[in-house]
Asker: 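Structure provided below as C-alpha cells; questions to follow.
Keep in mind it's a predicted model, so treat the numbers as computed, not measured.
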2 protein chains.
Amino acid sequence: MAERNGGGTRAVVLAAVRLFTDAGYDATTMAGIAEVTGVSRRSLFRRFGSKEDVLFAEHDELFETVVRYMEASPESPTDSVLAAARLVFQGYVRDPEITVPRYRLVRAHSRLRDREVAMTARYQAAFSRHMAEAAGGGRPSLEVEVVASAVIAAHNHVLRGWLRDPDDDGVWRRFDEAMERVRALAAPLFGVPDEPVPGRPTRVGRDRIVVAVYPGDTDPDELSRRVAETVRDRR
Amino acid sequence: MAERNGGGTRAVVLAAVRLFTDAGYDATTMAGIAEVTGVSRRSLFRRFGSKEDVLFAEHDELFETVVRYMEASPESPTDSVLAAARLVFQGYVRDPEITVPRYRLVRAHSRLRDREVAMTARYQAAFSRHMAEAAGGGRPSLEVEVVASAVIAAHNHVLRGWLRDPDDDGVWRRFDEAMERVRALAAPLFGVPDEPVPGRPTRVGRDRIVVAVYPGDTDPDELSRRVAETVRDRR
DNA sequence: TCTAGTCTGGCACTGAATGCCATACATCGG
DNA sequence: CCGATGTATGGCATTCAGTGCCAGACTAGA
C-alpha cells in the first residue's frame, strides 16, 4: 500500500486533475490515481462512484448547495433562479484550480463534454421545477422552460468566456448584464395571460414593461391607436 | 455462430430496444444483442461504437441530416433554425417504434438521460453556430445562444408531451405554436442593435412583426406617438 | 485469375465497475 | 477498561464494455 497522505476528497480530486492533464484522461487509470493518492482503488469507486465523477465531484456538491439555497430563497421565483445561477457562476470562478483544467479536459473528450452538459441540464431542470412549483405546481410550462434555458444559456455564455480567459476582470459585470437581459426577456413571457395574440397589445408586468406584438403590415395609425387604448385601459 | 438474419442496422437497433425494455438496459449485454441479431459482438462495436450508441444510432443519423439541411437552407438564419427544429421533431414523431421506448429507458437510467441531453446540446450548438455564421462569423453572441436554447427548450417541451402520450393528435399544432412564440421572443433580441433600450420602439423583421418595449410608467400618449413614429420611419 | 480494398468474426487483453469478505477504527453503554 | 456495534477501508475475484490484432470472406477492378 502507498503511504497515507491524500485522504481528503479535495486532495484526491486535485491529484486526479493533475494526472488527467499530464498523462491524458484515458491513459490515467483508477489504479494510478489510487497509487498517487494513497487511497485504494476500491475506496475511490466507493467515494466517487466512477472515474468521471472524480472530475465532477466538486460540481456535484455545488449543485446540492445551489438547489437547497434556491428552494429556501424568499425572493420571487425568477429572482431566486437568477440568484442561484449567480451562485453556480461563483462556484466556478472561485475555484479555477479545478474548473479551468477541467474545462480543457471537457473540450477535448466528448464523453466528458456530455457529462458537463448533463450537469447544466440538471440545473435547468431544477430551475424549471422551482418556477413551476411557485406557479402552482404541475409540470413546467413552456414559458418556464424557455426562461430556465435562457438563464442557463446566458450563464454558460459568460462562463465559457471566463474559462477561456480566467484572468479577465470584467466577468462579474458581464455576468450581471447578461442576467439582466434574461430578466427583461422573461418578464413579458410571464406577464402575458394566455399567449401573445398578434394584433392585441398586452400590458405586461405590474410596473416594468409594456410589450406590443403586431403583424408587420399593420397600419401605423391603427397600431398606435390600439397601443394607446390598451395601455390606458390597464393603467 | 447464430443464424445470419438481422444484418440491417435498423433491425439490430429494434432488437436491442426490445432486449433493453424486456430484460433491462444494464442486464442486456452486447454479447446478448450479438446472439439475438446474428451479428458478432465485435461487429456491433465496430458499427455502433458503444452500447449506448446502439440506442441512439438513429438519432445520430438524424442529426447529420438536419445539420446538412439547415446549412443548405436558403431562408433567414432564424427561419432555417426553426425549420431544422421541425425536422428534428419530425424525426421523433415519425418513428415512435424506437423513440417512445427509448424515452422510457432514458427516463429510468441517468446515464442514458445524460446521453439524450447531450444530443439536444449538440443541436443547440449547431443552431448557435449557424446563426453566428450568418451574423458575420466569430463566436455565437449571447443573443444567438439564448435563442438557440429557447428553440431547443420549446422543442423539448412539446416533444416530451408527445412522448408521454404518442397518440395525441394536436402535437403538430402545439409544436408550431411553440415555435411561433419562440420567434416572437427572438425577434426583439435580433432587431435591437445593441440592447433593448427602454423607450425606443424598434421595428423588427422585414415584414412580420413589430415589437415595442417601454418602461411601464411611460405616458400612454407619448408611447403611442413614439410607436407610430418608428413604424412610419421604417415602412 | 490475380490483386487490392473492405467488411466481418474470433481471440486476447485492458480497465471500469461491482459484490463479497475481512480488517481497522471510532463511538458508546456497561 | 472492555466488549459490542456501526462505519470506512482494503484486498480479491468477477463481469462486461471497449479495443487491438489477425485471419478469412467477399467485392471490384485490372
Asker: Decide, yes or no, whether a salt bridge links Arg173(B) with Glu177(B) under the criterion of side-chain N to carboxylate O below 4.0 Å.
Answerer: yes
Asker: Would you please say whether a donor-acceptor pair under 3.5 Å links the side chains of Ser73(B) and Glu75(B)?
Answerer: yes
Asker: Would you kindly give the CZ-to-C1' distance between Arg42(A) and dT15(D), to the nearest whole Å?
Answerer: 13 Å
Asker: So does Arg47(B) get a side-chain nitrogen or oxygen closer than 4.0 Å to the phosphate oxygens (OP1/OP2) of dT8(C)?
Answerer: yes
Asker: Rounded to the Å, how far apart are Asp26(B) CG and dG19(C) P?
Answerer: 11 Å
Asker: Heavy atom of residues 102-117 of chain B under 4.0 Å from DNA chain C: which residues?
Answerer: none
Asker: Give every donor-acceptor pair under 3.5 Å between a side-chain atom in residues 83-90 of chain A and any protein atom, sequence neighbours left out.
Answerer:
{"from": "Arg86(A)", "atom 1": "NE", "to": "Asp176(A)", "atom 2": "OD1", "distance (Å)": "3.0"}
{"from": "Arg86(A)", "atom 1": "NH2", "to": "Asp176(A)", "atom 2": "OD1", "distance (Å)": "3.3"}
{"from": "Arg86(A)", "atom 1": "NH2", "to": "Asp176(A)", "atom 2": "OD2", "distance (Å)": "3.0"}

Asker: Taking atom C1' of dC16(D) as reference, at what distance in whole Å does atom OH of Tyr25(B) sit?
Answerer: 12 Å
Asker: Checking side-chain polar atoms at under 3.5 Å, does Glu52(B) have a donor or acceptor matched by the opposite partner on Ser50(B)?
Answerer: no
Asker: Salt bridge check, Asp53(A) against Arg115(A): does any charged N sit closer than 4.0 Å to a carboxylate O?
Answerer: yes
Asker: The side chain of Val39(B) lies closest to which of these nucleotides: dA16(C), dA17(D), dG9(C)?
Answerer: dG9(C)
Asker: Please, which pairs that meet side-chain hydrogen bond (donor to acceptor under 3.5 Å, both in side chains) have at least one residue in residues 19-28 of chain B, sequence neighbours excluded?
Answerer: none
Asker: Figure out the CZ/P separation between Phe45(A) and dC20(C), and round it to whole Å.
Answerer: 17 Å
Asker: Could you check how far CD of Glu52(A) sits from P of dG18(D), rounded to whole Å?
Answerer: 12 Å
Asker: Under 4.0 Å: is that the gap between some side-chain N or O of Arg46(A) and OP1 or OP2 of dT7(D)?
Answerer: no
Asker: Is any N or O donor-acceptor pair between the side chain of Arg41(A) and the base of dA17(C) shorter than 3.5 Å?
Answerer: yes
Asker: Closest nucleotide of DNA chain D for Ser40(A) versus for Ala27(B): which of these residues is on the 5' side?
Answerer: Ser40(A)
Asker: What is the distance, rounded to the nearest whole Å, between atom CD of Glu35(B) and atom P of dG10(C)?
Answerer: 12 Å
Asker: Give a yes or no on whether the ring-centroid distance for Tyr123(B) and His59(B) is below 6.0 angstrom.
Answerer: yes
Asker: CG of Leu44(B) versus P of dG18(D): gap in Å, rounded?
Answerer: 11 Å
Asker: Could you check how far CE of Met30(A) sits from P of dA17(D), rounded to whole Å?
Answerer: 19 Å
Asker: Please confirm whether the shortest side-chain N or O distance from Ser43(A) to OP1 or OP2 of dG10(D) is below 4.0 Å.
Answerer: yes
